[in-house]
Protein chains: 2
Amino acid sequence: MAIKKIGLQIKERRNVLHLQQKDLSELSGVSLRTVLQVESGYGNPSIGTLSKLADVLGLEIQLSIQTK
Amino acid sequence: MAIKKIGLQIKERRNVLHLQQKDLSELSGVSLRTVLQVESGYGNPSIGTLSKLADVLGLEIQLSIQTK
DNA sequence: GTAAATTATGCATTATACTGCACATTCGTT
DNA sequence: AACGAATGTGCAGTATAATGCATAATTTAC
């Protein structure tokens with residue numbers, strides 16, 4: 001499922017950058033509560049919310065041809 | 001902005017596959033109303049909704065390192 | 001061990017995505 | 001032009017994402 005994978009990517013990238021969830025929350029303007037939900041793969045964030053998180057982490061959302 | 005770009009990609013891909021908005025709506029289970037909004041770059045779809053559309057179109061949502 | 005920091009969960013409220021219906025506009029065909 | 005098909009808009013209702021607060025559990029540092 002897309003959301004779980006994305007949540008994991010967010011979490012891993014955050015760790016690589018040595019940021020805490022609270023940092024990501026504050027830098028992105030997304031509540032800590034929602035950061036937690038997204039990273040746990042629980043929930044169904046909007047593109048807007050995901051985009052705010054991705055921006056802080058230097059990531060971008062892409063649509064690509066399915067490989068598989 | 002991420003949403004406008006994604007909307008355009010959805011629309012272009014749909015055209016490549018010779019699908020109409022109504023087809024995409026029915027195949028994905030997303031209302032025609034929402035398909036219209038997403039394609040026009042207006043609105044802020046959830047990952048779940050975007051994922052349903054992407055699946056039908058053979059696309060996948062990805063997070064990748066920002067290139068720019 | 002224990003204290004503090006970090007991550008996680010329950011519940012209630014607010015903001016907003018998603019939808020259906022009706023109607024309007026644009027596009028293609030004759 | 002005139003008709004039908006496809007795409008788009010306004011408005012209202014419903015579902016659910018996003019949030020804050022309090023509280024837990026977990027991890028980290030002392």
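Hydrogens, waters and symmetry mates are skipped; everything else that's a heavy atom, side chains included, is used.
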Between the main-chain N or O of [Y] and the side-chain N or O of [X], is there a donor-acceptor pair closer than 3.5 Å?
X	Y	answer
B:D23	B:L19	no
B:T34	B:V30	no
B:E60	A:L63	no

- Task: Would you please confirm or rule out a distance under 4.0 Å between OP1 or OP2 of D:dA18 and any side-chain N or O of A:T49?
- Result: yes
- Query: Between B:T34 and C:dC18, is there a side-chain N or O to OP1/OP2 distance below 4.0 Å?
  - Reply: no
Just the rounded figure in Å: distance from [atom2] of [N] to [atom1] of [X].
X	N	atom1	atom2	value
A:Y42	D:dA17	OH	P	8 Å
B:N44	D:dA17	CG	C1'	10 Å
B:E26	C:dT19	CD	P	13 Å

- Message: Is there a side-chain contact between A:I61 and B:Q62 in this structure, where contact means two heavy atoms from C-beta onward sitting under 4.5 Å apart?
- Response: no
Any protein N or O atoms within reach of nucleotides 6-10 of chain D? Criterion: under 3.5 Å, listing atom names and distances.
residue, atom, partner, partner atom, Å
D:dA6, OP1, B:Q20, OE1, 3.1
D:dA6, OP1, B:Q20, NE2, 2.6
D:dA6, O5', B:Q20, OE1, 3.2
D:dT7, OP1, B:R14, NH1, 3.3
D:dT7, OP2, B:Q21, N, 3.0
D:dT7, O5', B:Q21, OE1, 3.4
D:dG8, OP1, B:K11, NZ, 3.2
D:dG8, OP2, B:Q21, NE2, 2.5
D:dG10, N7, B:R33, NH2, 3.2
D:dG10, O6, B:R33, NH1, 2.2

- Note on the structure: Tracing side-chain contacts under 4.5 Å among Ile, Leu, Val, Met, Phe, Trp and Tyr outward from A:L8 reaches none
- With sugar-phosphate meaning primed atoms plus P, OP1 and OP2, does B:G48 contact a base, only sugar-phosphate, or nothing at under 4.0 Å between heavy atoms? nothing
Side-chain donor-acceptor contacts of residues 47-57 of chain A below 3.5 Å, not counting sequence neighbours, with atom names and distances?
residue, atom, partner, partner atom, Å
A:T49, OG1, A:S46, OG, 3.2

